[in-house]
> 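Can you read through this structure? Questions will come right after.
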Amino acid sequence: MAPNSKAVSKRHRPHEKYDKKRETKKAKLVEKEAVTNHPTEEDDLDSSEEEEDPIEDEPEAVVYRKPTTYDNLLASLGSSNKAVADMNKRRQREEEGKSDTEGDDDDSGSEDQISTDGEDDEIQGDDQGLTENTEKENNDNHSEEEDSDRYETDEELELSTNGQPLVDASSSASAFNEHLSHILSSEELKTLPEGKWKFKWEAPAIDMPNCRWKGTRHNFLDAVQSDAPYGLKPKLFKHWLQLYQKSGGKDFDSSKRRRFFSICNSYLDILHCNKRPFYNKGREEDSSAMDAYLMHSLNHIFKTRDLVKKNESKIAKHRETSEEEILSDDGFLDQGFTRPKVLILLPMRSIAFRVVKRLIQLTPESQRVNVEHLDRFNAEFGCEDESDDDDEKTSKNGKSTTHKSSKPSDWQALFGEKNSDDEFMLGIKHTRKSIRLYGDFYSSDMIIASPLKLHMAIGQAEENKERDVDYLSSIEVLIIDHADIISMQNWSFLATVVDHINRLPTKQHGTNVMRIRPLYLDGQARFYRQSIILSSYLTPEMNGLFNRQCLNYKGRIKLACEYKGVLEKVLLPVRQIYERFDADSMTQADNARLEYFTKKIFPKIKDSVQGGVMIFIPSYYDFVRVRNYLKSQNASFCLLGDYTKNADISRAREWFFAGSRKIMLYTERAYFYRRYKIRGIKNLIFYSLPERKEFYPEIMNMLDEGSYDMMSTALFSRFDLLKMERIVGTAYANRMISSDKSIFAFC
């Protein structure tokens, strides 16, 4: 297949220097793809890459290629701008294999070269009107404050730190440049939307026992950049290192945060599903991961800004030919439809408070001389206690001042006196010397939001055509932290938000169309977006999102772990019965579970005299179905569900303890947010096992110790393997799923 069968069109360079640059770039690209893809891609992809060498095949493939969005855009601009029209004609001649002097019947080579002083003046005026006005609207970071002094670019900064050379600029900037400069092959455009990746290698996850990284393409962990500044801009690296050392850290090179940053800097999609969260005695591990993805985000934002500033400087020096250069040199294609490049999705304001505070700390002091609207941010997002340890607050005399509560420590750390509001969105803009919080979303570099708030914004844009969410159109790094908490809110909101990222915008937002990267114009932005998902456990929904909506051409890396289980944390002598039911598919599993419950479990408890039966149900959907079934059977039951009012909860707990209601339905989400202990449980039924493994022993230990022959029953199918292995252990879970027997007991 010819090289130009790729969807991204190449610009024609009218001068000899551009011709040489084009040939050099093409040679490097072919060599890079051959080296990178040959050992790992499928055979048909390898062969297509190898067949891209013959240049003489170009015209045949290009002639019949469907016009791209960029082609149509150039044609539209050319109708009102002679310079654009001339450059578009020369570009078409190149794709058709013609020289500059070859033209159509109506155009001669001499006419292309005729130009008067008056025409030059007119073209220059048009260029100023097109570039200056649009850049002023779209790039607020190019303010008088920033333009007043020389801006330090990658090349200027990456020469030395403390007088010592670190690494050449090209290597430290390579991950960023190579990722966005890659041109998708026709085979990639065909296979990427399917999302069918095969994990081809495994490597131990250092400092995470019983865990290993699994990746597509080739194993890059051994060859990852291991020399300072590790792909970071040196000023960022130097500041990060100082913060790490001030906090008492040693050996930064082997630290968790440095290693995870290197994984982030690979620009692969990442699924890290075993992160111990800060609220569950994992503050150091959580902070390390947060540091890594925040530094990666800052690095990406600053390198993007460097590229834009360098190009603007070149254009300013050659104003008379700037428009021609923009059309003819790929180096000037440095922007998306809108400015925001990083989107961080978080579940609660209190967590957003931690992230933004750390983001400010990680920004070098010279680039945060002023943090605008910080007082407002503290008032709207702030929490009473954001100390770096999990110890209780103590007074001067050493006595604890923490309010004692019956709630578990993880609930206290997450909800106790914290701002747990889940409706927020914050734009953050970095200028040369300041950070602007609450910036307009279209002039921000980063957006930090909850899935709920963005879901509401999407809904409003669909109802009101004057509104839009086009600020999601050019996101290049997506980070979803604490996905486990988001799963306790409403996962469908998150799925909707991710589905709306990288869509073509509905309006033009002051963007200089001649500097938009072709990957955006050709609708390929989602294939370049890096997605990083962090969670303390894995669910089928997370797997589904990662597999179907994270389509980065670079590939994927995923953490796989083996678990010991939490059965040993059950302190009471409870006979734990596990009963397996058969299901042909995940979609059929819900019906099969309900059928098993109605035929095998409910008849045993329907006529129970003693009562005290609690049914623990993780899914609200299943909760509604079981509730409706119990109503149809005129069963004696009470509810403690997601939306049960406090007064009704108190009444239900009293009824159940007194025995006036024989059955209680309790959802996992209600337990996550409220943590009510239930008295009077004599028989415990897990309609499905809880997603959070720590909930299993907590619920089990609620059983009434005065009961004789305490017993619990848990229903499961082969599609419950993920939650099974976290509770009974990986080895037992695999055995129970594949065994010929269907009933298992732990005593």
Side-chain angles (χ1 to χ4, degrees), residues 134-143 146 176 179-180 267 293-309 333-346 352 355-356 359-360 363 367 372-373 377 424-431 434-451 453-458 460-461 467-481 494 496-513 515-517 519-521 523-526 528-532 552:
T134 54
E135 286 169 11
K136 186 174 182 180
E137 292 178 15
N138 190 47
N139 299 313
D140 290 352
N141 61 323
H142 312 144
S143 60
E146 295 184 52
F176 171 82
H179 177 59
L180 293 176
Y267 280 95
Y293 72 66
L294 286 177
M295 289 305 293
H296 177 56
S297 300
L298 287 172
N299 200 44
H300 187 87
I301 289 171
F302 290 164
K303 287 190 174 185
T304 298
R305 188 173 65 179
D306 284 354
L307 181 60
V308 172
K309 292 295 290 183
L333 305 179
D334 53 15
Q335 298 179 14
F337 292 115
T338 54
R339 174 167 171 167
K341 292 294 178 286
V342 177
L343 173 64
I344 301 179
L345 297 177
L346 302 169
V355 171
V356 175
L359 176 71
I360 295 172
T363 303
Q367 293 174 279
E372 300 180 28
H373 307 300
F377 172 75
F424 61 90
M425 186 157 62
L426 180 70
I428 301 177
K429 174 183 175 180
H430 289 267
T431 64
S434 66
I435 299 174
R436 180 178 300 170
L437 306 179
Y438 296 96
D440 176 75
F441 296 131
Y442 288 100
S443 63
S444 297
D445 299 297
M446 176 188 296
I447 295 175
I448 296 179
S450 65
K453 184 64 175 179
L454 274 176
H455 184 270
M456 294 170 61
I458 292 170
Q460 292 168 355
R467 296 195 174 196
D468 61 73
V469 288
D470 291 346
Y471 43 77
L472 300 178
S473 64
S474 302
I475 296 298
E476 294 173 351
V477 178
L478 167 66
I479 299 166
I480 304 171
D481 198 2
L494 175 65
T496 300
V497 170
V498 176
D499 184 58
H500 278 74
I501 298 174
N502 297 131
R503 290 190 178 185
L504 291 174
T506 58
K507 305 171 186 175
Q508 189 198 18
H509 299 275
T511 308
N512 186 342
V513 293
R515 293 178 65 176
I516 297 177
R517 294 182 185 271
L519 66 92
Y520 288 104
L521 295 167
Q524 299 170 0
R526 59 181 177 147
Y528 289 80
R529 183 189 74 232
Q530 180 189 28
S531 301
I532 302 173
N552 187 354

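All values below come from the heavy atoms of this structure, side chains included, with hydrogens, waters and symmetry mates left out. The structure displayed is predicted, hence computed values, not measured ones.
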> Please check if the side chain of Arg305 supplies one atom and the backbone of Thr431 the other of a donor-acceptor pair under 3.5 Å.
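Side chain of Arg305 to backbone of Thr431: a pair is present.
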> Taking all atoms of both residues into account, what is the closest heavy-atom pair of Thr338 and Ser474, and its distance?
N-OG, 3.1 Å
> Can you name the ring pair (Phe, Tyr, Trp, His ring centres under 6.0 Å) partners of His500, sequence neighbours left out?
none
> Taking Asp470 for the side chain and Lys507 for the main chain, is one N or O donor matched with an acceptor at less than 3.5 Å?
yes
> What is the distance from atom CD1 of Ile428 to atom CG of Leu437, rounded to the nearest 0.5 Å?
5.5 Å
> Against Ile435, only a single residue in Gln367, Glu372, His430 fulfils side-chain contact (heavy atoms from CB on, under 4.5 Å); can you say which?
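Single side-chain contact (heavy atoms from CB on, under 4.5 Å) partner of Ile435 among Gln367, Glu372, His430: His430.
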> Please find the pair of heavy atoms, one from Thr304 and one from His300, that lie closest to each other, and give the distance.
OG1-O, 2.8 Å
> I'd like to know whether Arg526 forms a side-chain contact (heavy atoms from CB on, under 4.5 Å) with Ile501, so could you lay out the CA-CA distance, the side-chain angles of the two residues, the decisive distance to 0.1 Å, and finally the verdict.
CA-CA 8 Å; Arg526 59 181 177 147; Ile501 298 174; over 6 Å; no
> OH/Tyr293 to CG/Leu298 distance, rounded to the nearest 0.5 angstrom?
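Going from the OH atom of Tyr293 to the CG atom of Leu298 covers 11.5 Å.
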> To the closest 0.5 Å, what do you measure between CE (Met425) and CZ (Phe441)?
3.5 Å
> Is there a salt bridge (charged side-chain N to carboxylate O under 4.0 Å, His left out) between Asp445 and Arg339 once you walk through the steps?
CA-CA 6 Å; Asp445 299 297; Arg339 174 167 171 167; 2.8 Å; yes
> Give the intermediate values and the outcome of side chain to side chain donor-acceptor pair (under 3.5 Å) for residues Ser531 and Asn552.
CA-CA 8 Å; Ser531 301; Asn552 187 354; over 6 Å; no
> May I ask you to decide if Gln524's main-chain N or O and Asn502's side chain share a donor-acceptor pair within less than 3.5 Å?
no
> Keeping the roles fixed (side chain from Asp481, backbone from Leu346), state whether a donor-acceptor pair exists under 3.5 Å.
no
> Among all residues two or more places apart in sequence or in another chain, which pass the ring pair (Phe, Tyr, Trp, His ring centres under 6.0 Å) test with His296?
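Once residues adjacent in sequence are excluded, the partners of His296 under the ring pair (Phe, Tyr, Trp, His ring centres under 6.0 Å) criterion are Tyr267.
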> side-chain contact (heavy atoms from CB on, under 4.5 Å), that's the test. Do Leu345 and Leu478 meet it? Break it down for me.
CA-CA 8 Å; Leu345 297 177; Leu478 167 66; 4.1 Å; yes
> Closest approach of Ile479 and Ser297, non-hydrogen atoms and distance?
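Nearest pair, atom of Ile479 first, then Ser297: CD1-OG, 3.3 Å.
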> Any side-chain heavy atom of Gln508 within less than 4.5 Å of one from Val513?
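Counting from C-beta outward, Gln508 and Val513 do come under 4.5 Å.
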> Look up atom OG in Ser450 and atom CE in Met456, then write down how far apart they are to the nearest 0.5 Å.
8.5 Å
> So, do Ile475 and Pro340 sit near enough that their side-chain heavy atoms are less than 4.5 Å apart?
yes
> Residues in ring pair (Phe, Tyr, Trp, His ring centres under 6.0 Å) with Tyr520, at least two apart?
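For Tyr520, the residues satisfying ring pair (Phe, Tyr, Trp, His ring centres under 6.0 Å) (neighbours in sequence not counted) are Phe337.
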> Is there a side-chain contact (heavy atoms from CB on, under 4.5 Å) between Leu294 and Ile344 once you walk through the steps?
CA-CA 9 Å; Leu294 286 177; Ile344 301 179; 4.0 Å; yes
> Hey, could you give me the CD1/OG distance between Ile301 and Ser444, rounded to the nearest 0.5 Å?
9.5 Å
> So, for Ile448 and Val356, which heavy atoms are closest and what is the spacing to 0.1 Å?
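Between these two residues, the closest heavy atoms are CD1-CG2, 3.6 Å.
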> Quick check: closest heavy atoms across Phe377 and Ala352, and the distance to 0.1 Å?
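The answer is CZ-O, 4.2 Å.
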> side-chain contact (heavy atoms from CB on, under 4.5 Å) between Val498 and Arg529: does it pass, once the steps are laid out?
CA-CA 11 Å; Val498 176; Arg529 183 189 74 232; 4.0 Å; yes
> Say you draw a straight line from CD1 of Ile447 to NZ of Lys429; how long is it, rounded to the nearest 0.5 Å?
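Answer for the CD1-NZ pair, Ile447 versus Lys429, is 13.5 Å.
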